Amino acid sequence: MRAAVRAAWRIGTGAALRGRAGRPLSQAAGDGGGAEGGGGSGSREAVERLVREHPVVVFMKGSPAQPLCGFSNAVVQILRLHGVEDYRAHDVLQDPDLRQGIKNYSNWPTIPQVYLNGEFVGGCDILLQMHQNGDLVEELKKLGIRSALLDAEKDQEKK
């Protein structure tokens with residue numbers, strides 16, 4: 001995991017502002033490409049239903065129990081560090097239409113993609129930045145999720 005996290009950190013992104021590249025969904029549209037119309041798994045409507053189905057949604061390669069790429073694994077590990085276990089994960093390798101549809105929907109070319117409360121946050125690099133600068137703790141708090149790292153800090157202070 002360390003190698004994946006280091007690799008993700010090195011990639012970085014020029015688009016990140018205060019550790020977030022996401023925009024409200026109303027601003028996330030591009031030209032839509034093949035994700036517009038229709039009711040398939042990659043349609044804009046289907047993708048929007050998925051991102052809004054739960055406060056924390058991750059589109060990844062593989063599953064949380066068995067991530068199939070280092071970046072997806074890093075996202076799972078970051079969420080685990082914060083004690084976030086109740087989230088929806090969608091394996092884009094199982095559905096090519098969804099894989100392209102989510103890229104079109106967010107106007108973001110890579111997987112994994114993380115959504116908090118229906119809002120696109122970014123990929124592994126953005127989530128890692130948010131974790132490192134403390135923004136993720138604050139964003140989780142807005143969702144009513146207390147980061148496990150806060151409890152770990154309290155435990156350290158008691159020692």
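This structure is a prediction, so every number in the text was calculated from the model and none was measured.
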Which atom pairs, donor and acceptor, lie under 3.5 Å between side-chain atoms of residues 79-86 and protein residues at least two apart or in another chain?
from : atom 1 : to   : atom 2 : distance (Å)
R80  : NH2    : P64  : O      : 3.4
H82  : ND1    : S147 : OG     : 2.7
H82  : NE2    : H131 : ND1    : 2.8
D86  : OD1    : H54  : NE2    : 3.2
D86  : OD2    : H54  : NE2    : 3.4

Testing the 3.5 Å rule here: is there a donor-acceptor pair between the side chains of N104 and Q100? yes
Picking from V57, V75, V58, I102, what satisfies side chain to side chain contact (heavy atoms under 4.5 Å, CB included) with Q113? I102
Output for pair (N73 CG, L68 CG), nearest 0.5 Å, gives 10.0 Å
Which value, rounded to the nearest 0.5 Å, describes the distance between T110 atom OG1 and K61 atom NZ? 8.5 Å
Who pairs with S63 by side-chain contact (heavy atoms from CB on, under 4.5 Å), at least two apart in sequence or on another chain? A65, Q66
Counting C-beta onward and ignoring hydrogens, is there a side-chain heavy-atom pair between V92 and M60 closer than 4.5 Å? no
Are the side chains of F120 and V114 in contact, using a 4.5 Å heavy-atom criterion? no
Approximate separation, where rounding is to 0.5 Å, of I126 CD1 and M130 CE: 9.0 Å
V76 and P67: which non-hydrogen atoms are nearest, and at how many Å? CG2-CG, 4.3 Å
Under 4.5 Å between any side-chain heavy atoms of N117 and K142, yes or no? no
Side-chain contact test, heavy atoms from C-beta onward, threshold under 4.5 Å: evaluate it for D151 versus R146 and give yes or no. yes
Closest heavy-atom pair and its distance - A46, S41: CB-O, 3.8 Å
Quick one: does any side-chain atom of S72 pair with a main-chain N or O of C69 as donor and acceptor, under 3.5 Å? no
Using modelled atom types and a 3.5 Å cut-off, is there a donor and acceptor pairing between side-chain atoms of D91 and backbone atoms of L93? yes
Looking only at heavy atoms, what is the nearest atom pair of P55 and L143, with distance? O-CD1, 3.9 Å
Residues forming a side-chain hydrogen bond (donor to acceptor under 3.5 Å, both in side chains) with E53, sequence neighbours excluded: H90
For the pair R52 and E48, evaluate salt bridge (Lys or Arg N to Asp or Glu O under 4.0 Å) and give the outcome as yes or no after the intermediate values. CA-CA 6 Å; R52 294 188 181 278; E48 185 154 349; 3.2 Å; yes
Check the pair F59, Y115 against ring pair (Phe, Tyr, Trp, His ring centres under 6.0 Å), reporting the backbone distance first and the verdict last. CA-CA 9 Å; F59 294 87; Y115 289 78; 5.7 Å; yes
Among residues two or more places apart or on two chains, list those pairs meeting salt bridge (charged side-chain N to carboxylate O under 4.0 Å, His left out) that have a residue in residues 94-112. none
Rounded to the nearest 0.5 Å, what separation is found between the CG atom of D135 and the NZ atom of K141? 13.0 Å
So which atom in Y87 and which in V56 form the shortest heavy-atom distance, rounded to 0.1 Å? CB-O, 3.3 Å
As an exercise, state the distance from CD1 of I78 to CG of L128, rounded to the nearest 0.5 Å. 4.5 Å
